Trainee: 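First, the structure itself, so that you have it in front of you.
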2 protein chains.
Amino acid sequence: MDVTLAAGSAWTDPACPVARTVDLIGDRWSLLIIRDAMDGATAFTEFHQRLGIARNILTDRLRKLVEHGILDKSAATDGRRQTYRLTEAGQDLFTAVVALRQWGERHAFAPDEPHSVLVDGQGRELPELRPLGQDGAPLSAEASRVRKTA
Amino acid sequence: MDVTLAAGSAWTDPACPVARTVDLIGDRWSLLIIRDAMDGATAFTEFHQRLGIARNILTDRLRKLVEHGILDKSAATDGRRQTYRLTEAGQDLFTAVVALRQWGERHAFAPDEPHSVLVDGQGRELPELRPLGQDGAPLSAEASRVRKTA
DNA sequence: CCAATAGGTTGCAAAATGCAACCTATTGGA
DNA sequence: TCCAATAGGTTGCATTTTGCAACCTATTGG
């Protein structure tokens, strides 16, 4: 596998996986495009209507997401449509999207404010995601640390 | 609790917790500031040096993160320093940071490329985070759906 | 065969970002 | 006691990114 950012641009912090991920999808729109793709959107117009994003920016973001191996672009059977689908790497962002969603539910809404809910096949809300240590106990930021590369 | 964006600006998608979270921390720097705060950074200069961010932008991001209840600002015992600490809401972003980190480890590095590693108190790497259904089985994006608010 | 649909591109204005110089308060040491 | 260094900003200006609206081309269904 060969992973690259745009030609002529460099990683913000090459050794840090968080920074690399932010470099790839950390703008105002990419994650929402991915969210909608997970919710079934596949066509340009569909993303445009759901998001209210400017068309030229959407073009650019879709191109970059394809470039970065997160979306796959193909011609639909209907010859005028293009189909954008999540690659395996794109689907693997599900965990991150769920984590951001659950944080938003807890901290970005007033207690009485309604919001959409992510449910499983049986219509039940998902349990809260939490990092665990190797021993299976919940792990906090203070109880962990970043081991720098040699 | 009262949650607001900047005065004069509106949520990109008010009913969606993912979108609200992105509105709050979805720019090139906020998540990296939070990452460094989790790694022990507390002072303006410390963030500036670790990130290589422009000073005026750092000032702006720190102010917004404080405004949004993610960081807390206080005068240090050393009268010239300010101390920025994660609030409870800020610490609660740990799950999201871990999810983004683990995705980056899996998809933003070539197999032989070195990267920093997050370890628990005993120096052991964390297990991979995965969303589960109420039944405890791993849940994929396709097996879930978003239930819109009435 | 023609209007509607789909997926763009282009030009220009507005906003966000980055850089470097400057400013003020506190501090520690000679 | 004073003064250079430290810390945390602010300001002005250039560059980059974003947003809006108009335009373009190919395909489709009636």
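In this text, all values refer to a predicted model and were calculated from it rather than measured experimentally. Naming convention: chains lettered A, B, ... in sequence-line order (proteins, then strands); numbering from 1 in each chain.
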Trainee: Considering every strand and a 4.0 Å limit on heavy-atom distances, what is the contact class for B:R61: base, sugar-phosphate, or nothing?
Mentor: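 The answer is sugar-phosphate, as B:R61 gets under 4.0 Å only of primed atoms, P, OP1 or OP2.
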Trainee: Is there a donor-acceptor contact under 3.5 Å from the side chain of A:T21 to the main chain of B:L100?
Mentor: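 Yes: the side chain of A:T21 pairs with the backbone of B:L100.
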Trainee: How would you label the contact of B:Y84 with the nucleic acid (heavy atoms, under 4.0 Å): base, sugar-phosphate, or nothing?
Mentor: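 Counting heavy atoms under 4.0 Å across all strands, the contact made by B:Y84 is with sugar-phosphate only.
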Trainee: With a 4.0 angstrom cut-off to heavy atoms of chain B, pull out the first and last contacting nucleotide of DNA chain C, in 5'-to-3' order.
Mentor: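 The contact span of chain B on DNA chain C goes from C:dT17 to C:dT27.
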Trainee: Nearest whole Å is fine: how far is D:dC20 C1' from A:D60 CG?
Mentor: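 Interatomic distance, CG of A:D60 to C1' of D:dC20: 16 Å.
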Trainee: Please state how far atom CG in A:L51 lies from atom C1' in D:dC20, giving the value in whole angstrom units.
Mentor: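 Value for this atom pair: 17 Å.
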Trainee: By nearest heavy atom, map A:W29 and A:G79 onto DNA chain D; which one lands nearer the 5' end?
Mentor: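 So the residue in question is A:W29.
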Trainee: Could you tell me whether the side chain of A:R124 and the main chain of B:Q134 form a donor-acceptor pair under 3.5 Å?
Mentor: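 It does not hold such a pair.
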Trainee: For the pair B:E46 (side chain) and B:A43 (backbone), establish whether a donor and an acceptor sit closer than 3.5 Å, ignoring hydrogens and angles.
Mentor: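 Side chain of B:E46 to backbone of B:A43: a pair is present.
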Trainee: Please determine, for D:dT11, whether a Watson-Crick or G-U wobble partner exists with both distances under 3.5 Å, and give it or none.
Mentor: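 For D:dT11, the partner nucleotide comes out as C:dA20, under the 3.5 Å rule.
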Trainee: Let me spell it out: for each of A:R80 and A:N56, pick the nucleotide of DNA chain D with the closest heavy atom. Which residue's pick is nearer the 5' end?
Mentor: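 The answer here is A:N56.
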Trainee: What is the distance, to the nearest angstrom, from the CZ atom on B:R28 to the P atom on D:dT16?
Mentor: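 Distance, rounded to whole Å: 13 Å.
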Trainee: For A:D78 and for A:T59, locate the closest nucleotide of DNA chain C by heavy-atom distance; then report the residue assigned to the nucleotide nearer the 5' terminus.
Mentor: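 Nearer the 5' end of the strand: A:D78.
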Trainee: Thinking salt bridges, do B:D23 and A:R28 make one under a 4.0 Å N-O criterion?
Mentor: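 Answer for the salt bridge query: no.
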Trainee: Looking at A:D60 and A:K64, does any basic side-chain N land under 4.0 Å from a carboxylate oxygen?
Mentor: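 Salt bridge: yes.
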Trainee: Under 3.5 Å for both donor-acceptor distances, Watson-Crick or wobble: does D:dG30 have a partner, and if so which one?
Mentor: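 The base-pairing partner of D:dG30, which may sit in any strand shown, is C:dC1.
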Trainee: Counting N and O atoms only, with roles assigned by atom type, does the side chain of B:E113 sit under 3.5 Å from a partner on the main chain of B:F109, one being a donor and the other an acceptor?
Mentor: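 Pair absent, no side-chain N/O of B:E113 close to backbone of B:F109.
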Trainee: Does B:R81 reach a base, just sugar-phosphate, or nothing at all? Heavy atoms under 4.0 Å.
Mentor: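 Answer is sugar-phosphate: B:R81 comes under 4.0 Å of backbone atoms only.
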Trainee: Could you tell me whether B:D27 and B:R61 make a salt bridge, using a distance below 4.0 angstrom between a side-chain N and a carboxylate O?
Mentor: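 A salt bridge links B:D27 with B:R61.
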